[in-house]
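Data first, discussion second: the structure below is written as structure tokens.
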Amino acid sequence: MRKLSELVSEGFIWSVGITRPKPGKERIAAIYITTVLCATILGAVSVFAFLLSHL
């Protein structure tokens, strides 16, 4: 799991262009970025499923 969150974090930093976290804070930043991305994807899928069920 640790490598996955680091990979996601690194990809997000490169693709979006956000500032790198301070030294020693990389792990917390990786967990935060991964959590936010997963929550966003889950939210979008939930809204899509809700809309499909009410059509």
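Only heavy atoms go into these numbers, but all of them, side chains included; no hydrogens, no water, no symmetry mates.
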According to a 4.5 Å side-chain heavy-atom criterion applied to Ile, Leu, Val, Met, Phe, Trp and Tyr, with indirect links allowed, do L37 and L4 form part of one hydrophobic cluster? yes
Looking at every non-hydrogen atom in both residues, tell me the closest pair between E26 and G24 and how far apart they are. OE1-N, 3.0 Å
Without swapping roles, check the side chain of T34 against the backbone of I31 for a donor-acceptor pair under 3.5 Å. no
Any heavy-atom pair between the side chains of I13 and T19 that's under 4.5 Å? no
State plainly whether the residues E10 and K3 are in salt-bridge range, i.e. N to O under 4.0 Å. no
Side-chain donor or acceptor of S15 paired with backbone N/O of G11 under 3.5 Å: yes
Same cluster for I33 and V16 if Ile/Leu/Val/Met/Phe/Trp/Tyr side chains link at under 4.5 Å? yes
Rounded to the nearest 0.5 Å, what separates atom CG in L51 from atom OG in S46? 10.5 Å
Would you say that C38 contacts V8 through its side chain, given a criterion of any heavy-atom pair below 4.5 Å between the two side chains? no
From OG (S9) to CD1 (I18), nearest 0.5 Å: 6.5 Å
